[in-house]
Chemist: 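Structure incoming, see below.
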2 protein chains.
Amino acid sequence: MPTIFDVAQAAGVGVGTVSRVLNDSPAVSDSTRSRVLAVISALDYRPSSLARGLSLGTSNIIGAVVPTVTHPSSMERLHGVLDELGGSGYDLALYQVEGEEQRSSRIRDIVRPDRCSAGLLVSLRATPDEIFLMVRAKRPVVAIDGYIEGLPGCHIDNVAGGRMATEHLLALGHRVIAFVGDVEDDLGFNPGAARFEGYRAALRGCHVPLRDDLIKTGPSCRERADQLTGHLFDLAEPPTGIVATSDTQAFGVMAAVRSRGMEVPTDVSVVGFDDLELAGHLGLTTVRQPLYESGVLGARMVLQQLDGHRDGLDVVELPLEVVVRETTAPPNNGSALYGA
Amino acid sequence: MPTIFDVAQAAGVGVGTVSRVLNDSPAVSDSTRSRVLAVISALDYRPSSLARGLSLGTSNIIGAVVPTVTHPSSMERLHGVLDELGGSGYDLALYQVEGEEQRSSRIRDIVRPDRCSAGLLVSLRATPDEIFLMVRAKRPVVAIDGYIEGLPGCHIDNVAGGRMATEHLLALGHRVIAFVGDVEDDLGFNPGAARFEGYRAALRGCHVPLRDDLIKTGPSCRERADQLTGHLFDLAEPPTGIVATSDTQAFGVMAAVRSRGMEVPTDVSVVGFDDLELAGHLGLTTVRQPLYESGVLGARMVLQQLDGHRDGLDVVELPLEVVVRETTAPPNNGSALYGA
DNA sequence: TTGAAAGCGTTACCAA
DNA sequence: TTGGTAACGCTTTCAA
């Protein structure tokens, strides 16, 4: 691999000049610049990012910290990040965290200038200590999905989302609506709790009493969804609609409903949350949150800070939208009367 | 951030000695070593990976090139990679490619010592030129899912997989079996073609004639799956079983079947391929391929080469297995007689 | 507008 | 077993 020295020699100039050409310094005559450029492309020279980083005091890597990379929603966000980072010259390093200590250690990593020039925290919360670490490092870090005090980022209004899902069902005439929630992950991140608040608020708004027996929470694996949902239909007054805390959870609910010989939406309506690609495939009515867009925006914010544009950076709230598909319909019995 | 020089000074030794301690050189006395170690932890010193990389001539990053990161199967593999890379000291850089030129450019990137110390090619094929590039670079590159001549890696026998799926249906008594295939991606990678070969071989083995009208290929989006599958049931002799080229495709098929008022597996059996997490949730019978494990193995192979263990490295074939769930059952009519 | 040279923080070689 | 120092390839400052 040719070095900047080789280029300088071949072009008959000093390395300083080559460096200036590389970094678009205006202090280079046009003739010299074109001569150097010619040699660069002739030699297929590319500056060493290691040497450049050492000299500049920072790497060209943006570190993304993500819990459970396999979750479809994380991937969607990451996809946005990668697309936006595309031609930026920055590479993305992916750090997976599965526990509190790992998170701390990864946060420490991404604020080290020799590791990363900036960081992205996806669907994560942070302790005051960790926040202090990031702020002190004075390194751009943005939070994608999940508000972290002191950091710019984007997130959604989960309370509003839960309300929208519930109100959709309410508007269709449902009055017995169950809530199937997720459990908090290992890192204490739990959007489901806020969505539940929205569910509660929506019911209150329609003067529908909250019934504890209609509220189920558990991990979204199939067996649990089965149990969770199953119990719901053993009730004296079973739900005609179900708000699930995520699309994944909703899929489990749908499978459980069907396994009991019932039909969606004929016997029961189901609303999800996220609008994963699969939700479209399976016709799930859901609250869409801009997953891909959150990644694009987060990456853009980081890039802006890296360019020195510290202005206009803030915490932005992304819009939500109910996408009505085929898993919701008006209740097919007189249950609307009960709750009224 | 403290440098190696700070540590040396505080410990009253030269930087060379600190470096030796850092790199577990045996040529350090126990007393010196413990003294240096004490200072290191007192100062919370961590060597600059940039400086270390420049000196060593290579970074501590492993670059993974992946098409469409959002595909669940890629994520599963990446998850395995990340888990295996965990405490190795290597970071993972994620490169997404969406076209031939991008692939070439990314391959060029990962074999550059200032960018990556090794590479991982996931679900990708490579042109002879690209292979030459990698071999010449003498840098560890392993192929995960997809055999690339001259590179170590792991893959599955797609022909066998297609055969297994089809034979499962055949064994249940099905004789009119459709094949719903995926289209080749933008990068010319198409495991579906080999799976189709397996389908064909299985039918031949049972003396079931191949019927062109039972073979459909198209992108796995919902609308297309609907059309694709729909046409199948307009046939004079519709299929009692469907082999899908992927779980994703199978989900589309199932949705399409249901949208026509038919039941799975009562009216038609469906077999997928991959065994995504969701396949378990939805009770899909499928051919399981070790996705997570392929990532673990690929990462392990790279790490081995990085450690200088060039031996024992080869192309390994991962096992396949039919996971029978609830979408397959014997045909409920006499159609078995037709094909015999 | 340009060249020379000092750093950036390591590793590794050469003496001691 | 150690310390001193060249080298890694770049950016940037200082003179010219």
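So you know, we letter chains A, B, ... as the sequences are listed, proteins then strands, and number each from 1. What you see is a predicted model; the values in this text were computed from it and never measured.
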Chemist: Quickly, which of A:Arg136, A:Arg108, A:Arg103, A:Arg125 forms a salt bridge (charged side-chain N to carboxylate O under 4.0 Å, His left out) with A:Glu130? Name it, please.
Modeler: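 Result for salt bridge (charged side-chain N to carboxylate O under 4.0 Å, His left out) with A:Glu130: A:Arg103.
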Chemist: For side-chain contact (heavy atoms from CB on, under 4.5 Å), just list the numbers for A:Val13 and A:Val18, CA-CA rounded to whole Å, side-chain angles, deciding distance to a tenth of an Å, and then say yes or no.
Modeler: CA-CA 7 Å; A:Val13 300; A:Val18 178; 3.8 Å; yes
Chemist: Are B:Asp145 and B:Ser123 linked by a side-chain donor-acceptor pair shorter than 3.5 Å?
Modeler: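 Yes, because at least one side-chain N or O of B:Asp145 sits under 3.5 Å from a partner of the opposite role on B:Ser123.
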Chemist: So how far is it from A:Asp114 CG to A:Thr58 OG1, rounded to the nearest 0.5 Å?
Modeler: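 A:Asp114 CG to A:Thr58 OG1: 8.5 Å, rounded to 0.5 Å.
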Chemist: Do A:Asp83 and B:Gln96 pass the side chain to side chain donor-acceptor pair (under 3.5 Å) test, and can you show the C-alpha distance, the side-chain angles, and the key distance before you say yes or no?
Modeler: CA-CA 8 Å; A:Asp83 279 359; B:Gln96 184 181 223; 3.1 Å; yes
Chemist: Let's see if you get this right: which residues in residues 2-13 of chain A place a heavy atom under 4.0 Å from DNA chain D?
Modeler: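 Only A:Thr3, A:Ile4 qualify.
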Chemist: Using a heavy-atom cut-off of 4.0 Å across all strands, would you classify B:Gly16 as base, sugar-phosphate, or nothing?
Modeler: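 Result for B:Gly16 = base.
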Chemist: So how far is it from A:Ser73 OG to A:Gln289 CD, rounded to the nearest 0.5 Å?
Modeler: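 Atom-to-atom, A:Ser73:OG and A:Gln289:CD are 7.0 Å apart.
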Chemist: Keeping A:Thr68 on the side-chain end and A:Thr70 on the backbone end, is there a donor-acceptor pair under 3.5 Å?
Modeler: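 No, because the side chain of A:Thr68 does not come within donor-acceptor range (under 3.5 Å) of the backbone of A:Thr70.
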Chemist: Identify whether any heavy atom of B:Asp114 sits under 4.0 Å from a base atom; if not, whether one sits that close to sugar-phosphate; answer base, sugar-phosphate or nothing.
Modeler: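 No contact.
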Chemist: Any donor-acceptor pair under 3.5 Å linking the side-chain atoms of B:Arg52 with those of B:Asn23?
Modeler: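 Yes, a side-chain donor-acceptor pair sits under 3.5 Å.
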Chemist: Scan for ring-ring contact (aromatic ring centres under 6.0 Å, His included) pairs involving residues 116-157 of chain B, sequence neighbours excluded, and state none if there are none.
Modeler: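 Residue pairs passing ring-ring contact (aromatic ring centres under 6.0 Å, His included), neighbours aside: none found.
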Chemist: DNA chain C: A:Val15 or A:Pro26, which has the more 5' nearest nucleotide?
Modeler: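 Its nucleotide being nearer the 5' end, the pick is A:Pro26.
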Chemist: Check the side chains of A:Asp6 and A:Tyr45 for a donor-acceptor pair under 3.5 angstrom, ignoring hydrogens and angles.
Modeler: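 Distance-only check fails for A:Tyr45 and A:Asp6.
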Chemist: Looking for any heavy atom pair under 4.0 Å, which part of the strands does B:Leu56 touch: base, sugar-phosphate only, or nothing?
Modeler: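 Sugar-phosphate, backbone atoms only, no base.
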Chemist: Taking the nucleotide of DNA chain D with the nearest heavy atom to each, does A:Ser19 or B:Arg20 sit closer to the 5' end?
Modeler: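 Going by which nucleotide is closer to the 5' end, it is B:Arg20.
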Chemist: To the nearest 0.5 Å, what is the distance between CD1 on A:Ile156 and CG on A:Leu318?
Modeler: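 One gets 8.0 Å once the value is rounded to the nearest 0.5 Å.
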Chemist: Once you round to the nearest 0.5 Å, how far does CE of B:Met134 lie from CG of B:Leu151?
Modeler: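 Rounded to the nearest 0.5 Å, the CE-CG separation comes to 5.0 Å.
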Chemist: By a strict heavy-atom criterion of less than 4.0 Å, which residues belonging to residues 29-45 of chain B are in contact with DNA chain D?
Modeler: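 Within residues 29-45 of chain B, the residues near DNA chain D are B:Ser29, B:Thr32.
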Chemist: With rounding to the nearest 0.5 Å, note down the distance linking CG in B:Asp314 to CE in B:Met301.
Modeler: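 Here the interatomic distance stands at 7.0 Å.
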Chemist: Once rounded to the nearest 0.5 Å, what's the spacing between atom NE2 of A:His71 and atom CG of A:Asp185?
Modeler: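 That separation rounds to 9.5 Å.
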Chemist: Going 5' to 3' along DNA chain C, which nucleotides are the first and last within contact of chain B (any atom under 4.0 Å from a heavy atom)?
Modeler: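 Contacts span C:dG9 to C:dC13, reading 5' to 3'.
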Chemist: Does the pair B:Arg106/B:Asp109 count as a salt bridge with the N-to-O cut at 4.0 Å?
Modeler: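 Yes, charged N to carboxylate O under 4.0 Å.
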Chemist: Could you tell me the boundaries of the chain A footprint on DNA chain D, defined by atoms under 4.0 Å from its heavy atoms?
Modeler: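 Answer, 5' to 3': D:dG9 to D:dT13.
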Chemist: When we call it a touch if two heavy atoms are under 4.0 Å apart, what does B:Ser48 touch: a base, just sugar-phosphate, or nothing?
Modeler: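 Here B:Ser48 touches the backbone only, sparing every base.
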Chemist: Any side-chain heavy-atom pair from B:Arg20 and B:Thr17 closer than 4.5 angstrom?
Modeler: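 In contact.
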Chemist: When the C1' atoms of the five terminal pairs at each end define the local axes, what inter-axis angle does the helix from C:dT1-D:dA16 to C:dA16-D:dT1 show, to 10 degrees?
Modeler: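 End-to-end axis angle: 40°.
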